[in-house]
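Please read all numbers here as calculations on a predicted model, not as lab measurements. All ligand and atom numbering here is 1-based and tracks the order in the structure.
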Amino acid sequence: MGMEEFFAQLPRGKEDKPLLLEMGPSVYDFHDIDGLYFMLDRNLSGCLIMMWAKPMNPEAAGRITLDGKEIPRYVIKPMAEMGGMWILGIPLRGMVTEYSREYKLHVEGFEDTDGNEMNPQDFVVKGIDKTEPDAKYEEHEKIARQAAAEGIVLLENKNGILPVKEGITLNLFGKGIHQFRNGAVGAGKISPRYSVNLAEAIRESECFSLNEELAEFYSCDEDEIPDGEILKRAKEKSNLAVMLLTRAAGENMDLSTAKGEYYLSEKEEALLNTLAKEFEHTVVILNVGYPIDVSFVTRYGIDALLYSGFGGMLGGPAILDVLSGKVNPSGKLPDTWAKDYFDIPASRNFYDCVDKPRLNAECDTYLDTYYEEDIYVGYRYFTTFSKKAAYPFGFGLSYTTFTVDAQVMGFDGEELRLQVKVKNTGNVPGKEVVQVYAGKPDGKLEKPERELIYFEKTRELGPCEEQEFQITVPAKHLSSYSEKAAAYIVEAGTYNVYVGNSVEAPACGNFKVPEELLVKQVVNRMVPPEEIRVLSKYAPKETWPGGEKSGVCEGKTTFKPYTLRQEYPVARTADSKGGSDTLQQGHVTFEDVRKDLSKAEAFAAQMSIEELARVSVCGSAGWGMEGIGEAGHVVGIEGYDMPEFLVSDGNSGVNLNVKNIGMPSGVTLCASFNKELSEQVGRVIGEEAKELGMPMILAPAFNIHRNPLNGRQPEYFSEDPYLAGMMAGYYCRGMEGAEVASCIKHLIANNCESSRKRNQSIVTERAIREIYFRAFEIAMEVHMPAAVMTAYNACNGQPTSTDADLILGLLREENGFDGFVMTDWTSYDTADIVEMVQAGNCWITPGSLDDTFTAQIVEGVKDGRIEKARLIENVAWIIRVMAKFA
Ligand code: BGC
């Protein structure tokens, strides 16, 4: 029965009583902390969603019980996204906690808008069934656990209180017990075969037991303080309190400086205060996806602090591995953790909804975001302006100690050579991360105090064991971008080299560059439409970002007119009539293209304009809520024998409604600083994608962490372009090694979710090239991926999806990208499809199966706004990738 028929037969008349309907079997997954509906409304986090047959009166209170226990809060509202259907959101987090157990749900007293009260209704809600690990995936899950554990950063460990002595009972405090997050929300969400949270990991471990009374107490799903008796019994069990601090984050909405988001909530403060007073030792675990205020560490004298991020399906056991000492922590911070949010220069130019409406992704408000901090992103600001951070970039403690000895061997104009020796000087085995920074001389360009130019993780070193590294850094990784010369240059002067295990690495020598080196002559392509006043170390006070120009643009309803940029003639052989001589190769089949990719263009040139348009528009798919949940697919054309080509999201797993691997979030993987591990993670996701029939995964997403309040912070990798780019490049290499196409995203300057389709980033060309694009450039250097996704936002006067300079210029011409470019989903809400196609954006997503979008392309070719040759070229890029991966 279709939806319409279904609704037609429901009692919906004026006299009919309201009926509550189950949306499928009422199974509650207590590992999926925020659920799918969180993206639409934060209040629906942790809720079981039911549907009303009639519009309801939200004022008329009802009553809900679970196994006789009253559920005090609920959400009753119409959902615009569900055709205005009224829903009832029942928060079950903390209450449904047992696998396969059936709970009795009773609902009564709710009233519809016609004044009819419902008949009391009873339902059965079942906890999810437990899935045991399958030996088939043992190796994959081993990598997931390793990535989660290596991504844990130990930030404090006073008097070596960690690792915890075996045999004790662990007192876990905080709503994080039942809100233990394994991943981000949205595109970065995971759909794991099973998941183990920290409480479960403790229960299953042989070394520890769990204070079950506390676990039961926190079924309240709030950071309450247990009463004196409970605390007393906890203290009798052990003198250690472990507080789990948690935060949701993900696509669709940014965070804010509200209490409970960047700052601690009052309840969190009060609980920590109590724990620090009552217990001898307090350990805090940050199950958060973005840097938060950590001033509580000194305020309450916290002994140990662990940033676990979102660890994926095995996030719980990974934390336990570190707490127990089975794994010696080796993660390092991929971001600076500021002492306060407002220390961050980008804080002034970021929409903070603390005192304003939260603008979600679909919001129709236009916003400008001026990147006044310019190149001073993350540690580049903190080190240059001598601002103390709470925890610096690259920092992370270990249970052992290391010495890092380095020697600069010289720079020959092409390469910097270094010799580094790392020695484990402590008592337990461990891994260390060698980090090399360059302090470039100020010349024509002012420079940050230091920049990361290399990193490498050691193998596990036993006590007294050493590892040596012969390091080479190419000149281009030492270059800076001169807008004036439109070139990447290595300026003359003395370069200081710092080698160590964080951004606070000591100087280990220097080298001289006698004369300026021209590394790469280019042309400026991304010039902002107006001059931006940017932060300068020469006038820190005068140039400190004021944010005056950023924010809501009153009265603005479109990005148009776009800034006029350079024209890019079609570089390929196809001409506007549909094929030059070189394309007259007789009938070219898809099989021919598989054998010889250079035939892709001739293959595409055989298509009619309608057919070319059809391939250029994705055939809209489930997008998470229905069916298998793939994000889209290429529509095959009859008679061309094109294979099926589905794409799905998944930085941390295959984001489908089918269970598979659940890796840690991007930022946590990045915190491992382990390139080979990132490659393994990419490989594992690729292998699972292949098994699920997905030839392409829309990952990795690794936009620069410009501001910690970006909703997608957990999905993205780092504030540093070299680190983010390296980790992303290795990830792509692993995925494509498994013969699954990767798609790096989102190009470019996509640094917030607030009104993201109507948000314009205004950035200097230098910052684009040294920070925002540099991450993509480095990734492409490591491995050229099959695809690139443009972003929702506009950058410097032009939506990224229609920006020929970005796509055809910077990406293809300058950096040799040879895959296909696609739009982000529904970018056409605020950008012109015809202009996207003419700018070389090959795939318009998510599109549809009718001619809504294809007709616009056909029209565009007819009226000359799209060159037919461009369309052929675009399609050929898609065909080539399909031939390689499908
Ligand atoms: C996200 C992309 C994702 C796409 C398809 C968009 O909302 O921004 O990262 O790949 O959806 O699901």
| field | Distance filter under 4.0 Å to H746 heavy atoms, resulting ligand 1 atoms | value | 2 (C), 8 (O), 9 (O)
| Of all the atoms in ligand 1, which lie at a distance below 4.0 Å from a heavy atom belonging to L698? | 10 (O)
| field | Candidate with minimal heavy-atom separation from atom 7 (O) of ligand 1, of M789, M39, E251 | value | E251
| message | Quiz question: by atom type and distance under 3.5 Å, do the side chains of N252 and E753 form a donor-acceptor pair? | response | no
| query | Do K560's NZ or CZ and the ring of Y562 fall within the cation-pi criteria of under 6.0 Å and 45°? | reply | yes
| Hey, is K690 close enough to E687 for a salt bridge, meaning N to O under 4.0 Å? | no
| request: State whether Y730 and R733 meet the cation-pi test: NZ (Lys) or CZ (Arg) under 6.0 Å from the six-membered ring centroid, and within 45° of the perpendicular axis. | output: yes
| message | Please report whether ligand 1 has a polar contact with R712, defined as an N or O pair separated by less than 3.5 Å (distance criterion only). | response | yes
| request: For D649, counting its heavy atoms only, list the atoms of ligand 1 lying under 4.0 Å from any of them. | output: 3 (C), 4 (C), 5 (C), 10 (O), 12 (O)
| message | One thing to verify: whether D34 and R181 come together as a salt bridge, which I'm taking to mean a side-chain N less than 4.0 angstrom from a carboxylate O. | response | yes
| request: Give the C-alpha distance, both sets of side-chain angles, the deciding distance and a yes or no for side chain to side chain donor-acceptor pair (under 3.5 Å) between S801 and N841. | output: CA-CA 7 Å; S801 57; N841 215 328; 5.0 Å; no
| message | If we only consider heavy atoms of E715, is any one of them less than 4.0 Å away from an atom in ligand 1? | response | no
| Which ligand 1 atoms, with their elements, are less than 4.0 angstrom from a heavy-atom of A631? | 5 (C), 12 (O)
| field | Residues N651, Y716; criterion side chain to side chain donor-acceptor pair (under 3.5 Å); working and verdict | value | CA-CA 9 Å; N651 254 27; Y716 299 163; over 6 Å; no
| field | Contacting atoms of ligand 1, where contact means under 4.0 angstrom from a heavy atom of W825 | value | 4 (C), 5 (C), 11 (O)
| remark: Judged by heavy atoms only, the candidate from D824, T826, T845 nearest atom 2 (C) of ligand 1 is D824
